[in-house]
Amino acid sequence: MSILTLDFMIRAMIAAAFTGLAAPVVGTYLVQRRLSLMGDGIGHIAVTGVALGLLTGASPTWTAVGVAIVGAVIIELIREREHANGDLALALLFYGGIAGGVLITGIAGQSAARLQEFLFGSITTMSAGDVWVTMVLAAVVVLIGIGLSPQLFAVAQDQEFARVTGLNIRFYNILVAVLAAVSVTVAMRTVGLLLVSALMIVPVATSQQLTRSFRSTLFGAMLLGLVASFGGLMIATFAADGELAPGPTIVLLALACFALTWPLGIWLRHRRRKAEPCDSLPPLAHETIEEHPHQHGEDCGHEAIQHGDHVDYVHDGHRHAPHGVHYDEH
Amino acid sequence: MTGHAGGSALDVENASVAISGRPILRRLDFSVAHGEFVALMGANGSGKSTFVRAMTGLRPLSGGSVRLFGTDISQFRDWQRLGFVPQRASAVSGVPTSVWEVVASGRLTRRRWLRPLLGKDRAAINDALEVVGISDLAKRGIGNLSGGQQQRVLIARALAGEPDLFFLDEPTAGVDLPNKEALAHALAVLKDRGATVVLVAHELGPMARLVDRAVVMRDGRIAYDGAPLADHEVHGPLFGDAHTHHHDHVDGGTTRDHVPHMASPVDTAPDEEAAR
């Protein structure tokens, strides 16, 4: 256990916790806009940013933040012009970003191993300065993402309506794009640019299996992000003699959470649908059931559904309604 | 409020809208008095929705002016006085959302940045749910609602901001009669409260009794502005032949003034061309 008190491990734990909380915040808005792959697109663009840092000797984190923001804003502007869902814009920037990154890394004379740190994460080699940057940026993302949630929600839910309420939708669209770019670069050191999007999207996908409202989805996703990120780091540290890389472990843990909740979500939705009250229209005719030895009641084993002012019991695919001493077919 | 100076809630003068350089709406004059209930009718493609989008600022004008409560739309900042129900088949997005949350987003016009929902905001949201008759659905996910119920959610969202002037773009499209009745009831409540309503509709059905005035659009221009019309009159011969299945036009299809006619069997029909 003494490994947990080592400096590099403390830094890694702090970084994992902050990233895990922040990434799903923006992820929720991206999923709401059906732009789940945007994080990936920005991640690819950020590769060029990292390479520029390696080339110029500047901090790769900051060059990545800058290039990712520029890329995210371009995606947003293309999306706005084309009135499309940005799918094509994303694809174009994907390839440009990764090709540019590999090319520039080569020019800079850096080995592929150095670039790999950013592609797949290297949470245990973060410096104190890196951790501070991660903490500040993550806190900014969380504060804006939650503080402006009514506005961001409205814009993502229905742009035209939001505009007629007087919101500057372009501002909020670009704000989301910038927050996404910042989240990507924050998570870059934890899980790596190629897996960034997983930490933004998978907790949201998991959370929405169990929720019915935006708010609970958002907070659920943050909690799941934290669990996956921190838990993944712990598993990587203690399992298999530390042979596991933290980045992929975190992502696989997040996916495992999804795999566990998914059947639960299907069952929950199924149950909700069954328990929904049926239309309160009166039945077409008074149709009596001939002989019915079974006494329906609470916990009689038959599904009870509210029907107007009484309860129907689902029996062999039809609905029995108690009527005096006999049952009616409803 | 400065709005009452002109005496009307909405003034459109000589307004034109062009989309990609193609003139769609040409020189429309239209005004709506405070408290008036106007039905904006016409065939598909006659420009009703574009007109509503121009009046709500979603579509820039290529000429003329739109004034809301006496203020030109480019200067207009009192957005909380406007309630907009866009034409939507559904209110579902990528994340589960409760009815309450969608309706609460209509309250944004009256909230400041970083301010939580206050008591009066909650009261307005509850009232909006009540008016359209979906209070019992507030906690439900919007994805599980029927199309008609979703339309009512969208109307409640517009109501939550307590606006004075409503634009409703075909709220009754694809909605069954009981839901239409519920919408008509909600609009009647609005009317009683003194709201001004511009309702785009194909067929009025149970809402006909609320209408003070009908405006019929045809091919981007206003073809009729006056007393309410019955549904079938809107598609009468005066207003174009979009609904040819209603009537047997003897001279059917001769109204395509500037469209090239099909000259030979090898030519593609204009419709097919557009579909490519």
Side-chain angles (χ1 to χ4, degrees), chain A residues 24 27-36 38 85 143-144 146-169 172 201 204-205 207-218 220-221 265 268-269 272-277 279-281 306, chain B residues 49 52-53 55-59 76-88 90-102 104-117 121 136-146 154 157-158 160-161 163 165 167 169 178:
Chain A
T28 309
Y29 294 108
L30 294 182
V31 174
Q32 195 191 6
R33 290 161 178 253
R34 303 185 195 278
L35 277 176
S36 305
M38 180 142 172
N85 57 11
L143 287 179
I144 296 180
I146 291 178
L148 293 184
S149 61
Q151 283 80 7
L152 294 171
F153 169 83
V155 172
Q157 169 77 22
D158 189 336
Q159 298 232 345
E160 289 192 342
F161 177 80
R163 198 156 132 198
V164 177
T165 64
L167 291 180
N168 183 344
I169 54 168
Y172 288 102
I201 304 302
V204 182
S207 173
Q208 68 181 4
Q209 297 303 316
L210 310 177
T211 59
R212 279 200 267 191
S213 73
F214 181 83
R215 202 183 155 81
S216 49
T217 309
L218 175 63
L268 266 180
R269 282 190 291 270
R272 260 180 222 149
R273 191 153 285 265
K274 262 168 85 179
E276 253 169 43
D279 220 316
S280 57
L281 289 175
Q306 195 64 40
Chain B
S49 287
V52 166
R53 291 165 61 81
M55 291 187 286
T56 48
L58 289 169
R59 245 318 147 200
F76 188 73
R77 294 292 172 268
D78 282 341
W79 295 104
Q80 71 276 8
R81 302 190 70 184
L82 237 58
F84 177 46
V85 181
Q87 192 175 5
R88 292 274 180 280
S90 138
V92 177
S93 70
V95 168
T97 309
S98 70
V99 169
W100 167 274
E101 286 173 319
V102 174
S105 72
R107 191 64 192 170
L108 265 184
T109 49
R110 305 231 175 221
R111 290 170 67 189
R112 302 249 181 82
W113 266 34
L114 304 177
R115 178 107 66 70
L117 279 176
D121 297 320
D136 50 332
L137 303 180
K139 291 257 160 54
R140 291 267 288 276
I142 191 134
N144 295 338
L145 302 187
S146 71
L154 295 182
R157 178 177 69 172
L165 170 59
F167 291 98
D169 195 354

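Since the structure is predicted, the reported quantities are computational estimates derived from the model, not experimental observations. Convention: sequence-line order gives letters A, B, ...; per-chain numbering from 1.
Both the backbone and the side chain of A/R215 come within less than 4.5 Å of a heavy atom in chain B. With a 4.5 angstrom heavy-atom cutoff, A/S36 does not touch chain B via any of its atoms. With a 4.5 angstrom heavy-atom cutoff, A/L167 touches chain B only via side-chain atoms. When heavy atoms are compared at a cutoff of 4.5 Å, A/T217 approaches chain B solely by way of its side chain, counted from C-beta outward. The part of B/R53 that comes within reach of chain A is its side chain, from C-beta onward, which places non-hydrogen atoms under 4.5 angstrom from that chain. The contact between A/F153 and chain B is made entirely by side chain atoms (from C-beta outward), counting heavy-atom distances below 4.5 Å. Both the backbone and the side chain of B/V92 come within less than 4.5 Å of a heavy atom of chain A. Both the backbone and the side chain of B/L58 have a heavy atom closer than 4.5 Å to some heavy atom of chain A. Contact annotation for B/R110: neither backbone nor side-chain heavy atoms come within less than 4.5 Å of a heavy atom of chain A.
The structure places CD of B/E101 at 9.5 Å from OG of A/S149, a figure rounded to the nearest 0.5 Å. For the atom pair B/D169 CG and A/E160 CD, the distance stands at 9.0 Å (nearest 0.5 Å). Note that CZ of A/R212 and OG of B/S98 are 9.5 Å apart. Values are rounded to the nearest 0.5 Å.
Ranked by non-hydrogen atom pairs under 4.5 Å with chain B, the options A/S216, A/A205, A/G166, A/S213 are led by A/S213. Interface check for chain A: of the options B/R88, B/K139, B/R77, the most heavy-atom pairs under 4.5 Å are formed by B/R88. Per-residue heavy-atom pair counts under 4.5 Å with chain A were compared for B/L108, B/I142, B/T109, and the maximum is reached by B/L108. Heavy-atom pairs under 4.5 Å with chain B were tallied for A/L148, A/D158, A/V204, A/V31; the largest tally goes to A/D158.
Closest approach of A/Q157 to B/T97, counting heavy atoms only: OE1-OG1, 4.1 Å. Nearest approach of B/P96 to A/Q208, heavy atoms of both residues: CD-OE1, 3.0 Å. Contact record, A/R163 with B/G57: NH2-O, 3.2 Å, taken as the closest heavy-atom pair. Across all non-hydrogen atoms, the minimal contact from A/V164 to B/W79 is O-CE3, 3.2 Å. Residues A/F161 and B/A158 share a closest heavy-atom pair of CE1-CA, 4.3 Å. Counting all heavy atoms, side chain and backbone alike, B/S93 lies closest to A/Q32 at OG-CG, 3.4 Å.
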